[in-house]
Engineer: 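Here you go, one structure.
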Amino acid sequence: MQITYKTQGVCSRSITFDKDESGKITNISFEGGCNGNLKAISKLCDGMTADEIAAKLKGNTCGMKSTSCADQLAIAVSQA
C-alpha cells in the first residue's frame with residue numbers, strides 16, 4: 001500500500017512510502033527538503049518496520065524547529 005503524508009513544520013512538503021502486509025516500509029521518498037540528507041535517511045530506513053523507524057528518528061529536531069524531516073517520517077510511518 002502506498003501512503004503519502006503531508007509534513008508539517010519542515011522544508012519537505014510530503015513523504016511517500018510503501019508499507020507491505022508484514023509492516024515493512026520501503027520506497028521512501030521526500031518531496032522538497034535537503035535532497036542528500038533525505039536520500040540517505042530513505043536508504044537507511046528502507047526495509048525497517050514503522051516501530052524501528054520511530055524508535056530511531058522520533059524526536060529528532062532541525063535547528064530551532066521542534067521537528068525535522070526525520071521526525072516527520074517517524075510520525076508518518078507510525079500513523080500508517
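Source: prediction; values computed, not measured.
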Engineer: Restricting to non-hydrogen atoms, name the atom on Leu38 and the atom on Ser42 that form the minimum distance, rounded to 0.1 Å.
Structural biologist: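 Smallest interatomic distance, heavy atoms only, reads O-OG, 2.8 Å.
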Engineer: Among residues at least two apart in sequence or on other chains, which ones pass side chain to side chain contact (heavy atoms under 4.5 Å, CB included) with Gln79?
Structural biologist: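 Gln79: side chain to side chain contact (heavy atoms under 4.5 Å, CB included) contacts with Tyr5, Ile75.
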Engineer: Please tell me whether Phe17 and Leu44 are part of a single hydrophobic cluster in this structure, the criterion being side-chain heavy atoms less than 4.5 Å apart.
Structural biologist: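 No; Leu44 is not reachable from Phe17 via cluster members.
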Engineer: If Ile, Leu, Val, Met, Phe, Trp and Tyr residues are connected whenever their side-chain heavy atoms lie under 4.5 Å apart, and connections chain through other members, are Val10 and Phe30 in the same group?
Structural biologist: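 No, Val10 and Phe30 fall in different hydrophobic clusters.
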Engineer: Closest heavy-atom contact between Cys11 and Lys65?
Structural biologist: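 Distance-wise, the nearest heavy atoms are SG-NZ, 3.6 Å.
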Engineer: Report the distance from atom CG of Asn27 to atom NZ of Lys19, rounding to the nearest 0.5 Å.
Structural biologist: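 Spacing of CG (Asn27) from NZ (Lys19) equals 15.0 Å.
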Engineer: Heavy atoms, side chains only, cut-off 4.5 Å: are Met1 and Glu21 in contact?
Structural biologist: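 They are not in contact (no side-chain heavy atoms under 4.5 Å apart), so the answer is no.
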Engineer: Starting at OG of Ser12, measure out to CG of Leu73 and round the result to the nearest 0.5 Å.
Structural biologist: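 Those atoms lie 9.5 Å apart.
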Engineer: Taking side chain to side chain contact (heavy atoms under 4.5 Å, CB included) as the definition, give me every residue that meets it alongside Thr4, ordered by chain and number, with sequence neighbours left out.
Structural biologist: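 Counting only residues at least two positions away or on another chain, Thr4 forms a side chain to side chain contact (heavy atoms under 4.5 Å, CB included) with Ser14, Thr16.
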Engineer: For Ser78 and Ala50, which heavy atoms make the closest approach, and how far apart are they?
Structural biologist: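 The pair with the smallest heavy-atom distance is N-CB, 4.4 Å.
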Engineer: With sequence neighbours left out, which residue pairs that include part of residues 31-51 fulfil the salt bridge (Lys or Arg N to Asp or Glu O under 4.0 Å) condition?
Structural biologist: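 Only Arg13-Glu31 qualify under salt bridge (Lys or Arg N to Asp or Glu O under 4.0 Å).
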Engineer: Pairing donors with acceptors under 3.5 angstrom, does anything connect the side chains of Asn60 and Asp71?
Structural biologist: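 Judged by distance alone, the side chains do not pair up.
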Engineer: Short question: side chain of Thr61, backbone of Ser66 - any donor-acceptor pair under 3.5 Å?
Structural biologist: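 It does not hold such a pair.
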Engineer: Side chains of Ile41 and Cys45, heavy atoms from C-beta outward: is any pair under 4.5 Å?
Structural biologist: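 Yes, close enough: below the 4.5 Å cut-off.
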Engineer: Is the closest side-chain heavy-atom distance between Asp18 and Ile3 below 4.5 Å?
Structural biologist: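 Asp18 does not reach Ile3 side chain to side chain.
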Engineer: Out of curiosity, Cys69 SG to Asn37 CG, how far, rounded to the nearest 0.5 Å?
Structural biologist: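 CG of Asn37 is found 9.0 Å from SG of Cys69.
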Engineer: Mind checking whether Gln72 and Gln8 have side chains closer than 4.5 Å, heavy atoms only?
Structural biologist: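 Gln72 vs Gln8: side chains touch.
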Engineer: Taking C-beta and beyond as the side chain, do Ile28 and Ile25 meet within less than 4.5 Å on heavy atoms?
Structural biologist: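 Answer yes - side chains close enough.
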